[in-house]
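All ligand and atom numbering here is 1-based and tracks the order in the structure.
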Amino acid sequence: MASASPPADALVIGGGAIGLAIAWRGAARGLAVTVVDPAPGRGASHAAAGMLTPVSELQYGEEALLRLNMDSADRYPAFAADLEAASGLPSGYRACGTLAVALDADDRAVLKELHAFQGRLGLASTWLTSRECRRLEPMLSPAVSGGLHVEGDHQIDNRRLVAALLAACERAGVVIVRRAVAELLASGGRATGVRLDDGTELGAGHVVLAAGCGSARLPGLPPGVIPAIRPVKGEILRLRVPEAYAPFLSRNVRAVVKGGSMYLVPRADGELVVGATEYEMDDTVVTAGGVYELLRDARELVPGISELPLIETYAGLRPGSPDNAPVIGATELPGLIAATGHYRHGILLTPVTADAVAGLLADETVPDVVRPWGPSRFGASGTRPSREVSYA
Ligand code: GLY
């Protein structure tokens with residue numbers, strides 16, 4: 001069934017934070033944009049914690065990705081201010097800093113290594129004793145053996161972010177189609193639009209694939225155009241801090257607890273997010289074991305957490321590419337642009353991804369910081385980097 005509506009300049013498959021931000025930024029450039037998603041904002045963007053913590057979440061071997069992460073974190077204050085002005089809603093951005101703490105002596109050694117690595121890269125982080133950690137966050141257990149204060153790592157309330165992006169899109173004239181995509185359409189060797197699950201066909205000058213861990217499974221996608229994107233399950237909890245207990249925590253707390261890592265993210269409105277488990281699985285069942293582990297470790301760090309109401313347990317699927325880094329840019333199929341595979345950093349990477357893809361839609365070149373992360377690095381098989389990604 002063909003649609004009577006005129007083709008959009010851009011059609012975005014996936015209405016998570018990234019898809020909506022691309023649509024909003026694209027519409028702000030005067031483009032006619034359509035977003036297709038059966039439940040915008042209810043995928044990984046709803047499950048996330050919203051940590052904007054490139055320095056405290058630094059991983060070995062990911063120096064190039066750090067540059068992208070830092071670039072996006074730097075964009076956040078202006079991005080959030082623009083979004084608030086465009087939507088009339090709070091963005092949930094909170095410049096609160098992050099304290100990364102260690103529990104036992106082994107955890108402390110892990111964090112000391114991280115501190116040395118951050119130092120070699122010239123990143124701002126300060127080592128604190130146990131007492132200094134508790135001076136910043138008095139609810140921490142005296143068992144905490146030390147920590148790192150990263151004043152430049154912040155947070156955004158991912159659910160407020162998505163609500164504001166939806167409102168900004170609607171105000172900017174983005175058409176939101178609440179249906180599933182059945183198939184990518186291509187003609188003459190070019191992506192031309194999509195067919196929806198009710199048979200309607202929507203045409204577009206460009207199609208942007210921002211469908212998280214469903215991105216590589218889209219029917220109609222030629223083999224190798226998008227690398228394998230796998231689901232990585234994460235369980236996450238939400239607690240509420242009663243007013244009488246506030247401020248319970250004043251900043252993000254990341255922790256190494258007996259070799260595992262976790263985080264607590266306190267919102268300005270009293271919500272406390274505790275996450276997250278990580279399994280190579282494709283279901284969103286919240287298990288008793290997952291909740292137990294998160295609460296057990298959180299209570300070791302912050303014993304007072306036992307008193308707080310547990311208001312939500314949730315699970316989402318992070319989209320992981322073969323090298324766990326995002327896939328942003330034009331694909332081998334003309335007319336199809338990738339914006340997927342953001343794994344653990346989808347919320348952090350929303351501004352830089354949106355600006356780069358909106359620029360591509362307007363025929364601009366990709367910024368240098370984004371260029372290493374194009375789909376072509378995986379080669380024709382779409383399964384592994386065809387060359388070493390430059391982490392320089
Ligand atoms: N970025 C946090 C997580 O993926 O759990």
Side-chain angles (χ1 to χ4, degrees), residues 16-18 21 41-60 62 65-66 68-70 72-73 76 92-94 96-101 114 150 152-162 212-213 229-239 249 251-257 259-267 271-287 289-291 293-295 297-298 301 312-321 323-327 340-353:
I18 286 172
R42 298 296 298 190
S45 301
H46 193 71
M51 279 188 301
L52 309 176
T53 50
V55 175
S56 34
E57 294 202 309
L58 177 66
Q59 303 273 327
Y60 297 100
E62 292 193 347
L65 189 55
L66 171 73
L68 187 71
N69 291 346
M70 295 288 280
S72 203
Y76 247 109
Y93 180 72
R94 188 177 186 202
C96 58
T98 296
L99 182 64
V101 297
L114 177 63
V150 181
D153 274 1
H154 304 309
Q155 62 159 289
I156 192 160
D157 181 331
N158 43 295
R159 294 180 180 180
R160 288 186 194 271
L161 169 69
V162 166
C213 66
I229 305 290
R230 68 190 199 285
V232 184
K233 174 178 172 177
E235 291 155 309
I236 193 159
L237 314 177
R238 282 174 161 78
L239 293 86
L249 295 174
R251 53 185 61 68
N252 304 331
V253 175
R254 277 197 62 82
V256 189
V257 182
S261 68
M262 67 168 315
Y263 49 79
L264 298 96
V265 183
R267 305 284 189 226
E271 184 179 80
L272 178 64
V273 183
V274 178
T277 61
E278 196 159 347
Y279 311 101
E280 298 281 336
M281 288 173 73
D282 190 12
D283 70 69
T284 51
V285 176
V286 178
T287 63
V291 174
E293 280 170 29
L294 289 170
L295 288 177
D297 291 352
L301 289 170
E312 186 186 293
T313 62
Y314 202 81
L317 299 174
R318 308 172 181 93
S321 76
D323 61 5
N324 288 338
V327 185
T340 187
H342 292 75
Y343 190 37
R344 306 186 74 245
H345 301 302
I347 300 296
L348 170 62
L349 292 173
T350 292
V352 74
T353 305

Legend entry - Val285 to Ala315 - nearest heavy-atom pair and separation: O-CB, 4.3 Å
Inset, instruction - Could you tell me which residues satisfy ring-ring contact (aromatic ring centres under 6.0 Å, His included) with Tyr343, sequence neighbours excluded, listed by chain and number? - result: none
With the criterion set at N/O pairs under 3.5 Å, what does the list of contacts between the protein and ligand 1 look like, atom names and distances included?
from     : atom 1 : to     : atom 2 : distance (Å)
ligand 1 : 1 (N)  : Arg344 : O      : 2.7
ligand 1 : 4 (O)  : Arg318 : NE     : 2.7
ligand 1 : 5 (O)  : Tyr263 : OH     : 2.7
ligand 1 : 5 (O)  : Arg318 : NH2    : 2.9

Inset, instruction - Side-chain contact test, heavy atoms from C-beta onward, threshold under 4.5 Å: evaluate it for Thr340 versus Pro326 and give yes or no. - result: no
Legend entry - Arg230: partners by salt bridge (Lys or Arg N to Asp or Glu O under 4.0 Å), with sequence neighbours left out: Glu280
Legend entry - Close side-chain approach of Tyr93 and Arg160, heavy atoms under 4.5 Å: no
Inset, instruction - List for me each residue that meets salt bridge (Lys or Arg N to Asp or Glu O under 4.0 Å) alongside Arg267, sequence neighbours excluded, and say none if there are none. - result: Asp157, Glu271
